[in-house]
Amino acid sequence: MEQTKINARQLFVLIVLFEHGSTMVIPLGVEAKQDVWLAILIGMIIGLLLFLVYYRLYLYYPDLPLTGYIQDITGPIFGKIFALVYVLYFLYLAARVLRDFGELLLTFAYPETPLFVLNAIMMLTVMYAVYKGIEVLARTGELFFTLLYVLAISGMILVVAAGLIDIHRLQPVLEEGWRRVFKVVFHQTLYIPFGEIIVFTMLFPYINNPKKTKIVALSAMTLSGINLAIMMTVNVAVLGADAVSRSTFPLLNTIREIQVANFLERLDVFFMIALIIGGFFKIGVFFYAAVIGAAHLFNVKEHHRLVYPLGLASLLLSIAVASNFPEHVKEGVNIATVYIHMPLQIILPVLLLAIAWIRQRM
């Protein structure tokens, strides 16, 4: 493990940037139609409860990352297998988010550029940051955090000033009852982005004030959930529930609708900057977790040695994960949720906590 530490403020910034990440790009919870804000907030509440499971495990093993204490709980053989699974999981998620942003740039600005080239440029930047270490990544987050919120607030003001919001598009509430909302919660919004907070179990040992970890993480997740609920509500109020559900990038379409005083328009370029910032930090956190997890698992003293081979693997995986973007989205919603996210974000951590609790009591 690195000898550097990050403070509570830097942890808060990293979690907020991470939670926004690709969630600002993908059509989050759009199957809930005009009730998407409910699906996000309920997913956030359950995600906060899920975080308490991760936090309790951290209290049992405050000096070890997830890939370390999982070996102590389940034994050396199964522990190494599970640790390897989580390393591959984090690498896979880094590749998926990388593909999200590569497709966004391909659609929005560089239609003639090969997807591999766009992904490679983003991945090289992430690799450089991870090579420098968690402290550099956290300090960079502090610099961009303010810029991200300035752009978000400016965008909200412009959307309102342009008269784009129609609150009637948010009605009727619960048109099909709670069933549709909870279906979206347990198929998407619980796992993305709130369940993905499990990646921070790899970073908790680096915090210089462990007592603040719980309140900082819960506060950051709550703020992120409220922000995402507001963002998707605005998308529905501007575009309509049906248009949002059909849109590949609903936030981008909302921004393109802005036209104030016949001269403030085509502002999507500026907000693309915000999306790229969020994507960079989400990929960076996933990739860093994969690197230090692999270093801990294979007893590599300097994690820097693994940055380039794992970076290349993540880049190639981002291309190979799906033949096109619709297939990529379908895999993320229908396949990854049941066979990957649910076991690794919920089932296994709960079992680990139960075993750790029994061992502590004995």
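A quick note: this is a predicted structure, and the numbers were derived from the prediction, not measured. Residue numbers run from 1 in the order of the sequence given.
Taken together through direct or relayed side-chain contacts under 4.5 Å among Ile, Leu, Val, Met, Phe, Trp and Tyr, Phe194 and Leu48 form part of one hydrophobic cluster. No path of Ile, Leu, Val, Met, Phe, Trp and Tyr side chains, each step under 4.5 Å between heavy atoms, connects Leu158 with Val150, placing them in separate hydrophobic clusters. There is a path of hydrophobic side-chain contacts, each under 4.5 Å, that joins Tyr308 to Phe287. Leu124 and Val285 fall within a single hydrophobic cluster, where Ile, Leu, Val, Met, Phe, Trp and Tyr are joined by side-chain heavy atoms under 4.5 Å apart, directly or via other members. Follow the hydrophobic side-chain contacts under 4.5 Å out from Ile134 and you never reach Tyr128; the two are in separate clusters.
Expressed to the nearest 0.5 Å, how far CG of Leu312 lies from CG of Leu317 amounts to 11.0 Å. Between the CG atom of Leu64 and the CG atom of Leu57 there is a distance of 11.5 Å, given to the nearest 0.5 Å. Between atom CD1 of residue Ile45 and atom CD1 of residue Ile40 there is a gap of 12.5 Å, rounded to the nearest 0.5 Å. In this structure, Leu223 CG and Leu218 CG are separated by 12.5 Å, a value rounded to the nearest 0.5 Å. The CG atom of Leu239 sits 11.5 Å away from atom CG of Asp166, with the distance rounded to the nearest 0.5 Å. Atoms NZ and CZ, from Lys214 and Phe204 in turn, are 12.0 Å apart once rounded to the nearest 0.5 Å.
Nearest heavy atoms, Ile197 versus Glu19: CD1-OE2, 4.3 Å. The two residues Val185 and Ala39 make their nearest non-hydrogen contact at CG2-O, 3.4 Å. Shortest non-hydrogen contact noted between Phe281 and Leu137 is CE2-O, 3.5 Å. Here the closest non-hydrogen pair linking Leu348 and Phe82 is CD2-CD2, 4.1 Å. A pairwise comparison of heavy atoms in Thr140 and Val136 identifies OG1-O, 2.7 Å as the closest pair. Among all heavy-atom pairs drawn from Pro193 and Leu228, the shortest one is CG-CD1, 3.8 Å.
Applying the side-chain contact (heavy atoms from CB on, under 4.5 Å) rule to Ile319 yields the partners Leu115, Phe116, Asn119; only residues at least two apart in sequence or on another chain are considered. Applying the side-chain contact (heavy atoms from CB on, under 4.5 Å) rule to Ala295 yields the partners Val300, His303, Leu306; only residues at least two apart in sequence or on another chain are considered.
Judged by distance alone, the side chain of Asp35 and the main-chain N or O of Leu38 form no donor-acceptor pair under 3.5 Å. Using modelled atom types, no side-chain atom of Ser247 and backbone atom of Ala243 make a donor-acceptor pair closer than 3.5 Å. The backbone N or O of Gln345 lies less than 3.5 Å from a partner atom in the side chain of Tyr54, making a donor-acceptor pair. At distances below 3.5 Å, not a single donor-acceptor pair connects side-chain atoms of Lys33 with backbone N or O atoms of Val244. Formation of a donor-acceptor pair under 3.5 Å by the Gln171 side chain with backbone atoms of Ile167 is not found in this model. Looking at Gln34, its side chain never comes within 3.5 Å of a backbone N or O of Val236 through a donor-acceptor pair. Checked by atom type and distance alone, the side chain of Thr74 pairs as donor or acceptor with a backbone atom of Gly79 at under 3.5 Å. Although no hydrogens or angles enter the test, the distance criterion places no donor-acceptor pair under 3.5 Å between the side chain of Ser224 and the main chain of His20. Judged by distance alone, with hydrogens and angles left aside, the side-chain atoms of Arg169 form a donor-acceptor pair with the main-chain N or O of Val238 at under 3.5 Å. Checked by atom type and distance alone, the side chain of Thr201 pairs as donor or acceptor with a backbone atom of Ile198 at under 3.5 Å.
A heavy-atom distance below 4.5 Å is found between the side chains of Leu84 and Phe298. With a 4.5 Å cut-off on side-chain heavy atoms, Glu135 and Lys5 do not count as touching. Annotation: side chain of Tyr206 is in contact with side chain of Ile292 (closest heavy-atom distance under 4.5 Å). Counting heavy atoms from C-beta on, the side chains of Glu176 and Val181 never come closer than 4.5 Å. Within the 4.5 Å cutoff, the side chain of Pro114 has heavy atoms near those of the Val117 side chain. Using a 4.5 Å heavy-atom cutoff, the side chains of Gln360 and Ile355 are not in contact. At a threshold of 4.5 Å between non-hydrogen side-chain atoms, the residues Tyr61 and Ile73 count as touching. By the 4.5 Å heavy-atom criterion applied to side chains, Val36 and Thr189 are not counted as neighbours.
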Exercise for review: Begin from the C-alpha positions of Phe286 and Phe18 and carry the test ring pair (Phe, Tyr, Trp, His ring centres under 6.0 Å) through to its verdict.
Suggested key: CA-CA 9 Å; Phe286 275 135; Phe18 172 87; 5.0 Å; yes

Exercise for review: Could you please spell out the steps behind the side chain to side chain contact (heavy atoms under 4.5 Å, CB included) verdict for Leu93 and His341?
Suggested key: CA-CA 10 Å; Leu93 291 179; His341 296 322; 3.6 Å; yes

Exercise for review: For the pair Tyr149 and Phe145, evaluate ring pair (Phe, Tyr, Trp, His ring centres under 6.0 Å) and give the outcome as yes or no after the intermediate values.
Suggested key: CA-CA 7 Å; Tyr149 264 84; Phe145 181 78; 5.0 Å; yes

Review point. Are Leu203 and Leu11 close enough, and set up right, to give a side chain to side chain contact (heavy atoms under 4.5 Å, CB included), and what steps lead you there?
Key: CA-CA 9 Å; Leu203 273 63; Leu11 175 65; 5.5 Å; no

Practice item. Could you walk me through whether Val13 and Phe144 pass the side chain to side chain contact (heavy atoms under 4.5 Å, CB included) test, one step at a time? Key: CA-CA 9 Å; Val13 167; Phe144 284 106; over 6 Å; no

Exercise for review: May I have the step-by-step check of side chain to side chain contact (heavy atoms under 4.5 Å, CB included) for Leu91 and Val87, ending in yes or no?
Suggested key: CA-CA 6 Å; Leu91 201 64; Val87 169; 5.6 Å; no

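The pair Glu31-Lys183 does not count as a salt bridge, with every side-chain nitrogen at least 4.0 angstrom from each carboxylate oxygen. Using a cut-off of 4.0 Å between Lys/Arg side-chain N and Asp/Glu carboxylate O, Glu196 and Lys282 are scored as salt-bridged.
For the pair Arg56 and Tyr60, the distance from NZ or CZ to the six-membered ring centre is under 6.0 Å and the angle to the ring normal is within 45 degrees.
Open room surrounds CD1 on Ile77; 12 or fewer heavy atoms of other groups in view lie less than 6.0 Å from it.
The salt bridge (Lys or Arg N to Asp or Glu O under 4.0 Å) contacts involving residues 343-355 comprise nothing, where partners must be two or more places apart or lie in separate chains.
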